[in-house]
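Note that ligands are numbered from 1 as they come in the structure, with each ligand's atoms numbered from 1 the same way. All heavy atoms count here, side chains included; hydrogens, waters and symmetry mates do not.
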Amino acid sequence: MKNTRRLRVLCGELRPCARFADVGCDHGYCTQYMLEQNLCRTAVISDISAGSLHKAETLLAPYIAEGRVRSVCCAGLSDIPRDTDEVLIAGMGGEEIVSILEEGFLPPVLVLQPMKNAPKLRRFLLERGYAIERDFTFTDTKHYDLLRAVRGGQGRAYGARELAFGYDNIHSPSAEFLSLVEEEIQKCRARLAAASRQVPAVQARLNELAEVRDEIAGRL
Ligand SMILES: C[S@@+](CC[C@H](N)C(=O)[O-])C[C@H]1O[C@@H](n2cnc3c(N)ncnc32)[C@H](O)[C@@H]1O
């Protein structure tokens with residue numbers, strides 16, 4: 001597996017399952033990890049781009065040859081078998097991930113790494129009956145959100161703040177999340193300083209970020 005922190009964190013959230021699918025797999029490193037660690041019996045790799053999928057097919061050629069991996073070029077979940085246990089969708093926008101799930105089906109376990117719009121994704125998952133078991137921000141040159149959601153089961157209570165920032169960031173904050181909040185505060189301050197008039201939305205965002213920072217800073 002290519003050794004980046006993002007991929008290590010992503011793979012660290014994958015759990016043993018019978019049938020795994022990597023939607024938008026591109027290089028296929030996460031599926032390689034699942035197979036090398038013997039975390040799944042079979043896997044489906046998929047990508048909307050034949051060129052991207054070809055990279056994963058090359059990486060995973062021995063597994064494809066032995067019949068443990070099937071490769072499908074398709075949009076979203078359209079050709080993913082419905083009996084797949086665990087689905088990874090990483091490196092796409094949160095709205096795109098929501099569209100993929102709306103147009104496809106709702107797998108029992110999802111590991112998701114949206115590039116933006118994580119709050120929309122959280123709201124969607126909760127509305128569709130998922131318990132979000134892991135929900136945190138991590139850093140690898142930039143900040144990423146990671147969500148692991150299980151359909152049904154006892155979920156944690158999400159209020160406005162957990163929806164906006166991620167449950168684990170609020171309840172068991174990390175230095176990485178604090179640094180994201182500090183960066184966002186600086187961006188808001190810069191926008192307010194550059195504006196020739198009041199910008200209430202930016203001021204409200206700044207106030208919220210400052211509250212979150214003050215809440216979590218003492219707990220680190
Ligand atoms: C930035 S890469 C992420 C690759 C890998 N999942 C990761 O996290 O390292 C996004 C990949 O998703 C694919 N993709 C984008 N939209 C898609 C869709 N609707 N269905 C399937 N694949 C899609 C792209 O072709 C690209 O290979």
Side-chain angles (χ1 to χ4, degrees), residues 1-17 19-37 39-40 42-61 63-64 68-118 120-122 124-125 128 130 132-149 166 168 176 180:
M1 186 179 83
K2 195 176 164 196
N3 196 11
T4 68
R5 173 136 206 267
R6 187 184 71 87
L7 285 169
R8 283 199 307 276
V9 172
L10 216 51
C11 290
E13 295 301 323
L14 298 169
R15 298 287 176 272
C17 64
R19 286 164 293 268
F20 173 71
D22 187 353
V23 172
C25 63
D26 194 19
H27 38 69
Y29 292 128
C30 295
T31 300
Q32 182 189 41
Y33 172 85
M34 287 295 283
L35 294 156
E36 281 181 352
Q37 301 297 315
L39 293 176
C40 66
T42 60
V44 175
I45 48 171
S46 81
D47 205 288
I48 201 166
S49 147
S52 292
L53 188 58
H54 183 65
K55 290 185 255 174
E57 287 168 342
T58 304
L59 181 77
L60 302 170
Y63 294 106
I64 294 173
R68 283 184 73 194
V69 171
R70 196 158 64 81
S71 161
V72 288
C73 189
C74 70
L77 291 163
S78 53
D79 289 339
I80 303 297
R82 295 217 167 211
D83 61 354
T84 303
D85 305 300
E86 183 172 47
V87 173
L88 170 69
I89 311 178
M92 292 180 216
E95 285 183 347
E96 185 161 16
I97 296 175
V98 167
S99 298
I100 286 174
L101 295 169
E102 272 178 332
E103 289 162 21
F105 61 96
L106 299 175
V109 177
L110 286 164
V111 177
L112 306 171
Q113 185 253 294
M115 299 300 288
K116 54 183 177 174
N117 293 321
K120 288 187 180 172
L121 186 53
R122 290 185 187 106
F124 173 84
L125 292 169
R128 299 302 166 104
Y130 280 92
I132 306 179
E133 294 188 339
R134 302 274 289 150
D135 186 359
F136 62 94
T137 301
F138 66 98
T139 306
D140 177 10
T141 65
K142 53 184 173 175
H143 301 289
Y144 298 98
D145 289 302
L146 195 297
L147 288 88
R148 177 179 167 83
D168 297 304
E176 288 160 294
L180 166 68

Could you tell me whether H54 atom NE2 has more than 12 heavy atoms of other residues or ligands within 6.0 Å of it? no
Pairs satisfying side-chain hydrogen bond (donor to acceptor under 3.5 Å, both in side chains), at least one member in residues 70-84, at least two apart: E57-S71
Would you check, one step at a time, whether the test salt bridge (Lys or Arg N to Asp or Glu O under 4.0 Å) holds for R128 with E102? CA-CA 10 Å; R128 299 302 166 104; E102 272 178 332; 3.7 Å; yes
As an exercise, state the distance from CG of L60 to CD of E36, rounded to the nearest 0.5 Å. 9.0 Å
Please determine whether a side-chain nitrogen of the Lys or Arg among E86 and R148 lies less than 4.0 Å from a carboxylate oxygen of the Asp or Glu. yes
Taking a 3.5 Å cut-off between nitrogen or oxygen atoms, can you list every pair linking ligand 1 to the protein, with distances?
unit_1   : atom_1 : unit_2 : atom_2 : d
ligand 1 : 6 (N)  : G24    : O      : 2.8
ligand 1 : 6 (N)  : A90    : O      : 2.9
ligand 1 : 8 (O)  : R6     : NH1    : 2.9
ligand 1 : 8 (O)  : R6     : NH2    : 3.4
ligand 1 : 8 (O)  : A90    : O      : 3.4
ligand 1 : 9 (O)  : R6     : NH2    : 2.5
ligand 1 : 9 (O)  : H27    : NE2    : 2.8
ligand 1 : 16 (N) : E96    : OE2    : 2.9
ligand 1 : 19 (N) : E96    : OE2    : 3.3
ligand 1 : 20 (N) : G76    : N      : 2.8
ligand 1 : 22 (N) : I48    : N      : 3.2
ligand 1 : 25 (O) : D47    : OD1    : 2.6
ligand 1 : 27 (O) : D47    : OD1    : 3.3
ligand 1 : 27 (O) : D47    : OD2    : 2.7
ligand 1 : 27 (O) : S52    : OG     : 3.3

Any ion pair linking R15 and E133 (charged N to carboxylate O, less than 4.0 Å)? no
